[in-house]
Number of protein chains: 2
Amino acid sequence: MTDIKSGINPLFLREEDLRQGIELLYFAYRDFTAEPDAILAEYGFGRAHHRVIHFVGRNPRITVSELLAILKITKQSLSRVLGQLVREEFIVQHEGTQDRRQRLLELTPTGIALERRLSESQRRRFADAYRHAGAEAVEGYRKVLMGMISEEDRERVFGPKSGDDGD
Amino acid sequence: MTDIKSGINPLFLREEDLRQGIELLYFAYRDFTAEPDAILAEYGFGRAHHRVIHFVGRNPRITVSELLAILKITKQSLSRVLGQLVREEFIVQHEGTQDRRQRLLELTPTGIALERRLSESQRRRFADAYRHAGAEAVEGYRKVLMGMISEEDRERVFGPKSGDDGD
DNA sequence: GCATATATGTCAACATGACTGACATAAAAT
DNA sequence: ATTTTATGTCAGTCATGTTGACATATATGC
């Protein structure tokens, strides 16, 4: 079944390395979302809810537009999950102070609790992998993935202030 | 909007590092699938088709059961995309030689062409990130992600033969 | 102040890719 | 001969994305 993965000449190996890097990302992402998915299912939530909880938790008082810009989904898609989270009191909306059209989003204590629970699972997984791989490897992980995401995301999320690559 | 990300004490920083690692994976995965998604759309295919093409390409003459075990989806889900790929002649099925119940899957020349096109986009992205980050970083990337995927996937995909961690 | 632009929300219809459950067929294994 | 396995199929459901159209309140520009 597998006569393709052996690694004979350096050119072949190089392509094989790339392919392995690709699969690694696929499997890591999948395994990485499995635990949170199970937790979310208890609440009748899905992965979309997780993303909203995550980014609202990390950016308290974020506006709906900013959230949309991060998630890159339509407002109709967002509104379904966000509406649910607001109705079930995981997130509250405050009217913007300067611009009263805005709905500033924030986690409620319940929301914070769920966020902790979800991220704990993922932080543990990362912490284990980090500890196993060593600090140098972590730096490599960061560098490679940082090079793979769009500049837009790099700037928005890892900020002009926090060291993005050059340290 | 962002009063949470500054990094003051080491304990806080550590958690922030973990959170950054998590987001990095999310954004990388998303940006990473964007290009192939656009290509697939030309053919009326989706991400599910890509995965099938990828794993059949990498494991010529794979059985349906093996493919299901890798993808971890139901046969009903697989059958829709696989059926389409077979009907549109990107994949062929051969009857198994030892076990005639099996349908061994293989890419057709057309399938190979599409696979090349899809993976080229991703290989380029990886190659760029790799080149940018350096060989050491690549090793780190590999180590960290390898530590994050399930043993099952590690063994199946990165094989008992190919060096999985210890080199 | 009036016209326009912006931030947000909502209704409706649709696509993709997952799921469960039930059932069918051919071939292998006991 | 019976049971198990590999595969396929029908039917219904769910989560999450999409497009397009329209509504409301507030801000902004002239």
Side-chain angles (χ1 to χ4, degrees), chain A residues 1 26 29-30 33-34 36-56 61-88 91-105, chain B residues 1 26 29-30 33-34 36-56 61-87 91-106:
Chain A
M1 147 195 163
Y26 165 67
Y29 188 79
R30 189 180 68 178
T33 46
D37 283 354
I39 295 169
L40 290 156
E42 291 176 29
Y43 299 79
F45 293 155
R47 208 171 284 181
H49 301 83
H50 188 181
R51 295 201 270 260
V52 171
I53 287 173
H54 174 91
F55 287 110
V56 170
R61 303 185 68 77
I62 191 175
T63 66
V64 172
S65 324
E66 283 174 327
L67 187 53
L68 284 172
I70 291 175
L71 295 174
K72 285 185 182 158
I73 58 174
T74 59
K75 61 179 175 175
Q76 295 92 326
S77 295
L78 175 59
S79 110
R80 201 164 11 192
V81 289
L82 181 55
Q84 232 179 315
L85 290 168
V86 169
R87 273 196 306 281
E88 302 185 22
I91 287 179
V92 273
Q93 297 174 308
H94 303 294
E95 207 170 60
T97 44
Q98 284 149 37
D99 187 335
R100 282 174 39 226
R101 290 171 305 181
Q102 297 179 335
R103 298 285 170 266
L104 308 181
L105 307 173
Chain B
M1 150 195 161
Y26 166 66
Y29 188 78
R30 188 180 68 180
T33 46
D37 283 355
I39 295 168
L40 290 156
E42 289 175 30
Y43 298 79
F45 293 157
R47 206 170 285 181
H49 300 84
H50 188 181
R51 295 201 272 258
V52 171
I53 287 173
H54 174 91
F55 287 111
V56 171
R61 303 183 69 76
I62 190 176
T63 66
V64 172
S65 325
E66 282 173 326
L67 187 53
L68 284 173
I70 291 175
L71 295 174
K72 285 184 184 160
I73 59 174
T74 58
K75 62 179 176 177
Q76 294 92 327
S77 295
L78 176 59
S79 108
R80 196 164 17 187
V81 289
L82 181 55
Q84 232 178 313
L85 290 168
V86 170
R87 273 195 306 280
I91 288 178
V92 273
Q93 299 174 307
H94 303 294
E95 207 171 62
T97 43
Q98 284 149 36
D99 187 336
R100 280 171 44 228
R101 290 170 305 179
Q102 297 179 335
R103 298 284 169 269
L104 307 182
L105 307 174
E106 211 164 355

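Residue numbers start from 1 in every chain, and the chains themselves are labelled A, B, ... in the order their sequence lines are given, proteins ahead of strands.
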field: Nearest heavy-atom neighbours spanning A/Gln93 and A/Leu82
entry: NE2-CD2, 4.4 Å
- prompt: OP1 or OP2 of C/dT16 less than 4.0 angstrom from a side-chain nitrogen or oxygen of B/His49, does that happen here?
  reply: no
- request: Could you check whether A/Gln98 gets within reach of a base, just the sugar-phosphate, or nothing at all, counting any heavy atom under 4.0 Å?
  value: sugar-phosphate
Whichever of A/Asp99 and A/Arg80 has its nearest DNA chain C nucleotide further upstream toward 5': A/Asp99
query: Once you round it to whole Å, what is the distance between C1' of C/dT16 and CD1 of A/Ile73?
result: 16 Å
query: Is there a side-chain polar atom (N or O) of A/Ser77 under 4.0 Å from OP1 or OP2 of D/dT18?
result: yes
task: Find the distance B/Leu68:CG to C/dC19:P and express it as a whole number of Å.
output: 10 Å
- line: Whole-Å distance, B/Tyr43 OH to C/dA15 P, equals 22 Å
Note, B/Arg47 side chain near B/Arg51 side chain (heavy atom, < 4.5 Å): yes
message: With a 3.5 Å cut-off and heavy atoms only, can you find an N or O donor on one side and an acceptor on the other between the side chain of A/Arg103 and the base of C/dT8?
response: no
query: What class does the angle between the rings of A/His54 and A/His50 fall in, given that below 30° is parallel, 30 to 60° is tilted and above 60° is perpendicular?
result: perpendicular
- request: Could you check which of C/dT10, D/dG17, D/dA6 has an atom nearest any side-chain atom of B/Gln102?
  value: D/dA6
- line: Rounded to whole Å, the NZ-P distance (B/Lys75 to C/dT20) equals 12 Å
task: Return the orientation label for the B/Phe55 and A/Tyr26 ring planes: parallel under 30°, perpendicular over 60°, tilted otherwise.
output: tilted
message: Any N or O donor-acceptor pair under 3.5 Å from the base of D/dG12 to the side chain of B/Gln76?
response: no
message: By the 4.0 Å heavy-atom rule, please label A/Arg47 as base, sugar-phosphate, or nothing.
response: sugar-phosphate
field: Separation of atom CG in A/Leu71 from atom C1' in D/dG17, rounded to whole Å
entry: 12 Å
- prompt: Nearest-Å distance, CG (A/Leu104) to P (C/dG9)?
  reply: 11 Å
message: Nearest to the B/Arg101 side chain among D/dT16, D/dT7, C/dA27, which nucleotide is it?
response: C/dA27
query: Does the pair B/Arg61 and B/Leu105 meet the rule for a side chain to side chain contact (heavy atoms under 4.5 Å, CB included), with working shown?
result: CA-CA 5 Å; B/Arg61 303 183 69 76; B/Leu105 307 174; over 6 Å; no
message: Nearest to the side chain of A/Thr63, heavy atoms from C-beta on, is which of C/dT8, D/dT19, C/dC19?
response: C/dT8
- prompt: Just how far, in rounded Å, is C1' of D/dA6 from CZ of B/Arg61?
  reply: 16 Å
field: Side chain A/Gln93 and base C/dG9 donor-acceptor under 3.5 Å
entry: no
message: Please report the distance, rounded to the nearest Å, between CG in B/Leu78 and P in D/dA6.
response: 15 Å
query: Looking at C/dA7, C/dA18, C/dC23, which one has an atom nearest to any side-chain atom of A/Ser65?
result: C/dA7
